[in-house]
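To start, the structure itself, in structure tokens.
Excluded from the calculations below are hydrogen atoms, water molecules and symmetry mates; all remaining heavy atoms, backbone and side chain alike, are included. Atoms within each ligand, like the ligands themselves, are counted from 1 in listed order.
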Amino acid sequence: MGFWWRPLSVLAGVLLVALMLWAGSGAVTALTFLVGIQAAVMLRRLWQEYRLSRWLESPDEVTPPEAMGTWGDIFYRLEKLQRRQRDSRSELTNALEQFEHAAQAVPDGMVILNGNDQIDWCNPASRKYMGLDCERDRGQFIRYLLRQAHFLEFLDAADYSRRLVCKSPLNREITLSLQLVPFGEAKKLLVARDITELERVDAVRRDFIANVSHELRTPLTVVGGFVETLADATTLPAADTRRYFALMLDNTRRMQHLLDDLLTLSRLESADHSLKDESVNVPELAQALAAEAESLSGGGRHRVHLEVASDAKLRGSLQEIRSALGNLVSNAVRYTPDGGDITLSWQMKDNEGVFAVTDTGEGVAAEHIPRLTERFYRVDRSRSRETGGTGLGLAIVKHVLTRHGARLTIQSTPGKGSTFAAVFPKSRLIEASPSATVIPFPAQVQAVG
Ligand code: ADP
């Protein structure tokens, strides 16, 4: 109704004036008046139509026409409609841009395929993993670009619950997990995820379980064999029985050591095992470890020396540092033939605290050195076992040192000997003093400087 009242009242006004003119001046005057009004209305309409068509041609550049009356009303409504359209267009553009940015940031490769398996769209990560190029390959059949037989079979099967694990066609070092996700009408999203790290962790886990089982199998078989012999035999010479029990005890201890080391490693690796902040008196600890080396050596098979050139202490876990340095000392004793020398030293070098264990033992060839801290890595498996080794000692050392911000350095010459050194950063040292007094073992260690 809002639209009608104005034109109708104008029309009524015009007719009223025409009637008054008819009554006052005759029919000709009234008709002339009506024709004049009609001509004015037509001209105005033509003018407004012209302005409207000019504006509609380029509504974003030309300012919308303004007018009074019904034309003004029409122009106002059209402009409102145009503004609404412009707003929704910019909302749509924003949403598209955001999607585009998100797709660029997604680390997984993503490819949209149409019903014929042609590429509609793909993100930059799909170039890294599958060598696809969004601009170049749009509209291409994916089966012509990725031709591996197992991929084609996976594509044709269209089994959306299945994942295909395969190597990236661009880089054989990268393992991918591919998945197809259906959406819309007959469209598919191909997602490629890099699972190289997961695969590696899985392989490490499998190796670890295989190694542990392997390490446990031998002593268990030995103990089991003797238990069977003892159970079956009615009478056995006392000497044999004693020997069997001694061997069983030996193998049980071996399993015990292995489990102890495994538990230590797992404790070191557990996330909630926070590092203690104790003051570790290294000179005192070195003294204790030297005594331990003497006792491990058993009856003076080796000459043990102690050189403490610094009174610096360490901040960290006493128990962990003791276990790490103790491992280095026990290795030196175990891998040094009788009559050899073992030297424990503690000194400052380039602002770092260096605890070194030097031996004149069998040494390690250069190619083995980088792998010595791997779990269960041994240069000579049987030598390690004979001396009660578990193959986990240096892995524990490395873990403890890493937790303390320290590092392990290894220098070795086959046939001549080795130096295994734990190097602690300045931030871990307390009361470091530059003095270089050498304390001979077994002299009592005292604060120096
Ligand atoms: P294990 O229990 O076998 O000693 P570790 O992790 O302590 O395990 O050491 C790994 C390997 O490093 C040993 O098997 C041995 O081959 C070598 N190794 C360690 N310390 C020495 C050393 N002082 N001299 C020679 N070889 C060593």
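Every atom of ligand 1 is numbered from 1 in the order shown, and the set under 4.0 Å from a heavy atom of D359 is 22 (C), 23 (N). Close approach of ligand 1 to G393 (heavy-atom distance below 4.0 Å) involves ligand atoms 5 (P), 6 (O), 7 (O). Short contacts between ligand 1 and S384, defined as distances under 4.0 Å to a heavy atom of the residue, involve ligand atoms 1 (P), 2 (O), 3 (O), 14 (O). Per-residue contacts place V364 under 4.0 angstrom from the following atoms of ligand 1 (heavy atoms of the residue considered): 25 (C), 26 (N), 27 (C). Less than 4.0 angstrom separates some heavy atom of G389 from each of these atoms of ligand 1: 2 (O). Every atom of ligand 1 with a heavy atom of G391 under 4.0 Å away is listed here by number and element: 1 (P), 2 (O), 3 (O), 6 (O), 8 (O).
A 4.5 Å side-chain heavy-atom check between V111 and M130 finds at least one atom pair inside the cut-off. Looking only at side-chain heavy atoms (C-beta outward), L198 and D202 stay at 4.5 Å or farther from each other.
Cation-pi contact between R375 and F208: present, with separation from the ring centre below 6.0 Å and deviation from the ring axis of at most 45°.
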Salt bridge (Lys or Arg N to Asp or Glu O under 4.0 Å) assessment of R77 paired with D73:
CA-CA 6 Å; R77 280 164 203 242; D73 212 31; 3.5 Å; yes

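N94 contributes no side-chain N or O that, together with a main-chain N or O of E97, makes up a donor-acceptor pair within less than 3.5 Å. Looking at R301, its side chain does come within 3.5 Å of a backbone N or O of S297 through a donor-acceptor pair. Between the R303 side chain and the D341 main chain, no donor and acceptor come within less than 3.5 Å of each other.
Of the candidates T387, L394, T358, V379, it is V379 that places a heavy atom closest to atom 16 (O) of ligand 1. Which of Y377, F376, F420 comes nearest to atom 11 (C) of ligand 1 through a heavy atom is settled by distance: it is Y377. Evaluated by nearest non-hydrogen atom to atom 14 (O) of ligand 1, the leading choice among R378, R385, E362 is R378. Of the candidates V329, L258, I369, N331, N331 brings a heavy atom nearest to atom 7 (O) of ligand 1.
Applying side chain to side chain contact (heavy atoms under 4.5 Å, CB included) to I119 and the options L145, D133, I112 leaves one that passes, L145.
Residues S418 and S412 have side chains that bring a donor and an acceptor to within less than 3.5 angstrom of each other.
In this structure, S418 has a heavy atom closer than 4.0 Å to ligand 1. The shortest separation from a heavy atom of T390 to ligand 1 is under 4.0 Å, placing the residue in contact. Taking 4.0 Å as the cut-off, R334 counts as a neighbour of ligand 1 on heavy-atom distance.
Classified by interplanar angle (parallel below 30°, tilted 30° to 60°, perpendicular above 60°), the ring pair F99/W121 is tilted.
Y335 OH, 3.3 Å is the protein heavy atom nearest to atom 13 (C) of ligand 1. Looking only at protein heavy atoms, the nearest one to atom 12 (O) of ligand 1 is L372 CD2, 3.4 Å.
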